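Everything on this sheet refers to the single structure shown next.
The first residue in the sequence is number 1, and the count goes up from there. Bear in mind the structure is a predicted one, so any value in this text is a computation, not a measurement. Numbering of ligands and ligand atoms starts at 1, following listing order.
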Amino acid sequence: MKILFLNGPNLNLLGTREPEVYGRTTLADIEAEVRSKAKLMQVEVEFRQSNQEGELVNWIQDAKGKFQVIVINAAAYSHTSIALRDAISAVGLPTIEIHLSNIHAREEFRHKSLIASVCRGQICGFGSKSYILGLESAIYVIESNK
Ligand code: CA2
């Protein structure tokens with residue numbers, strides 16, 4: 001069982017800038033949390049981050065046949081990227097959208113996610129735990145074959 005975690009633009013800055021908004025946990029800390037939970041649950045995970053939309057599109061396209069589920073925090077591209085939406089839709093792998101913050105409780109421009117309707121579900125607002133919930137949901141999707 002292999003799960004691909006994708007992270008979008010600026011998430012590499014987590015824990016180093018604007019701690020009042022995004023906290024002090026770094027993306028490397030989150031990856032370590034996900035990896036330790038994945039080990040307990042006996043699943044394989046791959047964890048990637050890019051600031052480039054096209055690279056994320058390529059990774060989604062290449063995931064077919066290699067991963068069973070994608071868990072994606074597309075960051076700001078969630079609100080803007082038809083390209084990511086089309087890639088998720090075209091590839092047809094179950095994809096779970098996650099966010100650290102509750103995007104619906106923030107500025108209006110964050111309320112709309114262009115990828116939400118092609119994703120299996122959305123998890124937001126639980127900080128780094130959104131990633132663990134994303135992992136658990138991915139395992140649920142695989143095991144229940146839904
Ligand atoms: O809550 C989330 O996970 C977001 O995807 C984070 C994105 C934001 O654009 C989405 O609306 C919600 C921002 C990620 C950038 O993270 C930063 C970390 C430190 C300093 C600046 C940005």
Side-chain angles (χ1 to χ4, degrees), residues 1-41 43-64 66-142:
M1 204 185 282
K2 258 186 121 176
I3 300 164
L4 176 62
F5 277 78
L6 295 182
N7 293 281
N10 299 309
L11 285 165
N12 55 312
L13 299 179
L14 271 184
T16 64
R17 306 263 203 294
E18 298 182 44
E20 64 290 353
V21 184
Y22 293 109
R24 295 203 177 273
T25 307
T26 65
L27 195 59
D29 295 335
I30 293 175
E31 179 176 353
E33 242 186 274
V34 168
R35 284 196 179 285
S36 97
K37 181 79 178 184
K39 199 171 174 193
L40 282 177
M41 301 183 93
V43 295
E44 253 185 272
V45 291
E46 185 144 338
F47 208 88
R48 302 181 192 160
Q49 187 275 332
S50 179
N51 291 329
Q52 276 142 40
E53 191 176 12
E55 187 161 36
L56 292 162
V57 168
N58 286 339
W59 286 341
I60 292 167
Q61 289 184 9
D62 293 347
K64 191 81 188 176
K66 297 181 188 134
F67 298 91
Q68 276 79 58
V69 180
I70 298 172
V71 178
I72 185 166
N73 183 352
Y77 290 149
S78 317
H79 317 298
T80 63
S81 178
I82 298 170
L84 281 183
R85 179 203 164 88
D86 287 349
I88 292 167
S89 175
V91 163
L93 271 183
T95 299
I96 296 162
E97 176 181 10
I98 61 168
H99 297 281
L100 297 155
S101 62
N102 179 355
I103 55 171
H104 305 287
R106 300 186 62 192
E107 303 95 322
E108 202 165 339
F109 64 85
R110 294 186 206 274
H111 296 182
K112 179 76 188 162
S113 160
L114 294 186
I115 66 169
S117 61
V118 292
C119 287
R120 182 69 177 71
Q122 185 189 66
I123 296 161
C124 68
F126 299 99
S128 61
K129 288 288 169 272
S130 291
Y131 282 75
I132 300 298
L133 294 169
L135 174 66
E136 289 175 347
S137 310
I139 294 167
Y140 166 75
V141 165
I142 296 167

Side-chain ion pair, E136 and K37, N-O less than 4.0 Å: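 Salt bridge between E136 and K37, a charged N being under 4.0 Å from a carboxylate O: yes.
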One thing to verify: whether E55 and R48 come together as a salt bridge, which I'm taking to mean a side-chain N less than 4.0 angstrom from a carboxylate O.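 Salt bridge between R48 and E55, a charged N being under 4.0 Å from a carboxylate O: no.
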Under 4.0 Å, heavy-atom basis, I'd like to know which part of N73 is in contact with ligand 1: side chain, backbone, both or neither.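 Side chain only.
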What do we get for R110 next to ligand 1 when only non-hydrogen atoms under 4.0 Å count, side chain, backbone, both or neither?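 For R110, the contact with ligand 1 is made by the side chain alone.
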Which residue holds the protein heavy atom closest to [atom], what is that atom called, and what is the gap in Å?
atom: atom 2 (C) of ligand 1; result: L100 N, 3.3 Å
atom: atom 14 (C) of ligand 1; result: L11 CD2, 3.7 Å
atom: atom 16 (O) of ligand 1; result: N10 O, 3.6 Å
atom: atom 11 (O) of ligand 1; result: H79 NE2, 2.7 Å
atom: atom 19 (C) of ligand 1; result: R17 O, 3.3 Å
atom: atom 4 (C) of ligand 1; result: H99 ND1, 3.6 Å
atom: atom 22 (C) of ligand 1; result: Y22 CE1, 3.9 Å
atom: atom 21 (C) of ligand 1; result: E18 OE2, 3.6 Å

Identify, by atom number and element, the atoms of ligand 1 in contact range of A76, meaning under 4.0 Å from any of its heavy atoms.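 Going through ligand 1 atom by atom, the ones under 4.0 Å from A76 are 9 (O).
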Is the backbone N or O of H99 less than 3.5 Å from a side-chain atom of S130, with the two atoms forming a donor-acceptor pair by type?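 Present.
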Listed once per pair and sorted, the ring pair (Phe, Tyr, Trp, His ring centres under 6.0 Å) pairs that draw on residues 70-96, sequence neighbours left out: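 Matches after skipping sequence neighbours: none remain.
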Looking at side-chain heavy atoms only, is the closest gap between L135 and Y140 below 4.5 Å?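 They are not in side-chain contact.
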Is there side-chain contact between I98 and I96, with at least one heavy-atom pair below 4.5 Å?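 With C-beta onward as the side chain, the pair touches.
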Closest heavy-atom pair and its distance - V71, A138: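 For V71 versus A138, the nearest heavy atoms are CG2-CB, 4.0 Å.
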List for me each residue that meets ring pair (Phe, Tyr, Trp, His ring centres under 6.0 Å) alongside F5, sequence neighbours excluded, and say none if there are none.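 Once residues adjacent in sequence are excluded, the partners of F5 under the ring pair (Phe, Tyr, Trp, His ring centres under 6.0 Å) criterion are F47.
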